[in-house]
Amino acid sequence: MALVSADSRIAELLTELHQLIKQTQEERSRSEHNLVNIQKTHERMQTENKISPYYRTKLRGLYTTAKADAEAECNILRKALDKIAEIKSLLEERRIAAKIAGLYNDSEPPRKTMRRGVLMTLLQQSAMTLPLWIGKPGDKPPPLCGAIPASGDYVAKPGDKVAARVKAVDGDEQWILAEVVSYSHATNKRHTLSRRRIIPLPQWKANPETDPEALFQKEQLVLALYPQTTCFYRALIHTPPQRPQDDYSVLFEDTSYADGYSPPLNVAQRYVVACKEPKKK
């Protein structure tokens with residue numbers, strides 16, 4: 001019944017999202033006429049080579065209208081983004097519910113391991129579709145936006161992607177990409193790992209153009225997912241993202257190089273987290 005209810009709610013949200021998209025286009029078309037008037041007024045001013053009281057008053061009114069139109073369109077887009085976030089959350093909850101049911105269903109045969117190529121593609125898609133945090137004027141980026149860590153009392157939800165510190169086959173410990181399946185308040189553990197061995201991954205990308213403080217800075221020590229693997233390694237930030245769609249450029253610690261670091265490699269914001277261990281000298 002829960003899955004049926006989720007499907008019904010998703011269908012409702014998709015309908016609402018479609019309406020919001022139509023409203024956005026209508027709002028944009030409506031404001032287009034005013035923007036054309038602004039452009040034409042500026043062209044007339046340049047032709048006459050003067051700013052008369054008439055043009056000053058007219059432009060003030062046109063820009064006031066343009067500002068109101070932009071705010072109205074922005075409000076509709078924010079509502080649309082909220083609908084998309086809710087749809088993604090419901091889809092994730094449904095996926096996790098099905099996964100948990102499969103984990104504890106002894107009557108079903110074990111599932112085949114996902115092919116490496118498919119897994120790498122999914123990781124890349126996850127990084128690309130990570131939403132960009134867009135705050136209102138004056139808003140500060142929230143926890144788990146870019147380099148901003150989770151709050152101290154944060155409890156990861158089922159389906160959250162994390163960096164998890166586990167023991168390898170040879171007994172050494174390493175950080176791997178993992179997904180939270182469950183959390184036990186009684187044992188203070190997520191699945192089989194304590195909270196101190198878990199670092200939640202960012203849930204929003206930070207915009208370098210508006211919130212540069214929410215990004216790791218050059219030469220800052222981090223844990224980054226090594227390209228084409230599911231393991232996190234220590235690295236130094238070489239170049240932070242310059243645009244919202246950009247990756248970090250990082251230098252992984254590597255003793256096979258004379259200076260102890262690899263050449264610069266690109267890693268998405270999704271897979272870069274703070275490293276609290278000291279730098280190696």
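Not measured: the values here are computed from a predicted model.
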**Item:** Check: Lys157 side chain, Val155 main-chain N or O, donor-acceptor pair, under 3.5 Å
**Value:** no

**For Glu173, side-chain hydrogen bond (donor to acceptor under 3.5 Å, both in side chains) partners two or more places apart** = Arg165, Arg197

**Request:** Find the distance between CG (Leu177) and CG (Leu201) and round it off to the nearest 0.5 Å.
**Result:** 6.0 Å

**Request:** Using the test salt bridge (Lys or Arg N to Asp or Glu O under 4.0 Å), find all partners of Asp247 that sit at least two apart in sequence or belong to another chain.
**Result:** none

Side-chain donor-acceptor distances from residues 18-25 under 3.5 Å, at least two apart:
from, atom 1, to, atom 2, distance (Å)
Thr24, OG1, Leu20, O, 2.9
Gln25, NE2, Ser29, OG, 3.4

**Message:** Test your reading of the model: is there a side-chain donor-acceptor pair from Gln174 to the backbone of Asp172, 3.5 Å cut-off?
**Reply:** no

**Item:** Over all atoms of both residues, closest heavy-atom pair of Pro200 and Val162
**Value:** CA-CG1, 3.8 Å

**Request:** Could I get the full list of side-chain hydrogen bond (donor to acceptor under 3.5 Å, both in side chains) partners for Arg28, not counting sequence neighbours?
**Result:** Glu73

**Prompt:** Under the 3.5 angstrom rule, does the side chain of Arg78 hit a backbone N or O of Gly135 as a donor-acceptor pair?
**Reply:** yes

**Item:** Residues which pass side-chain hydrogen bond (donor to acceptor under 3.5 Å, both in side chains) with Ser249, listed by chain and number, not counting sequence neighbours
**Value:** His238

**Asked** Under the side chain to side chain donor-acceptor pair (under 3.5 Å) rule, what pairs show up with a residue in residues 122-144, not counting sequence neighbours?
**Response** Ser126-Arg270

**Item:** Counterpart residues, salt bridge (Lys or Arg N to Asp or Glu O under 4.0 Å), relative to Arg56 (two or more places apart)
**Value:** none

**Asked** With Glu32, which residues qualify under salt bridge (Lys or Arg N to Asp or Glu O under 4.0 Å), at least two apart?
**Response** none

**Item:** N/O donor-acceptor pair under 3.5 Å between Tyr248 side chain and Ala224 backbone
**Value:** no

**Request:** Step through the shown structure and confirm whether more than 12 heavy atoms of other residues, nucleotides or ligands are within 6.0 Å of NZ on Lys218.
**Result:** yes

**Asked** Can you list every pair that meets salt bridge (Lys or Arg N to Asp or Glu O under 4.0 Å) and has a residue in residues 60-71, with sequence neighbours left out?
**Response** Arg30-Asp69, Lys67-Glu71

**Message:** On a heavy-atom basis, which atom in Pro227 and which in Asn266 lie closest, and how many Å separate them?
**Reply:** CG-O, 3.9 Å

**Message:** The criterion is side-chain hydrogen bond (donor to acceptor under 3.5 Å, both in side chains); which residues satisfy it with Arg243, sequence neighbours excluded?
**Reply:** Asp246

**Asked** For Tyr154 and Asp160, does a side-chain donor sit closer than 3.5 Å to a side-chain acceptor?
**Response** yes

**Request:** Could you tell me which residues satisfy ring pair (Phe, Tyr, Trp, His ring centres under 6.0 Å) with Phe252, sequence neighbours excluded, listed by chain and number?
**Result:** Tyr226

**Message:** Does Lys79, at its NZ atom, have more than 12 non-hydrogen atoms belonging to other residues, nucleotides or ligands within less than 6.0 Å?
**Reply:** no

**Asked** For Glu26, what residues pass the salt bridge (Lys or Arg N to Asp or Glu O under 4.0 Å) criterion, not counting sequence neighbours?
**Response** none

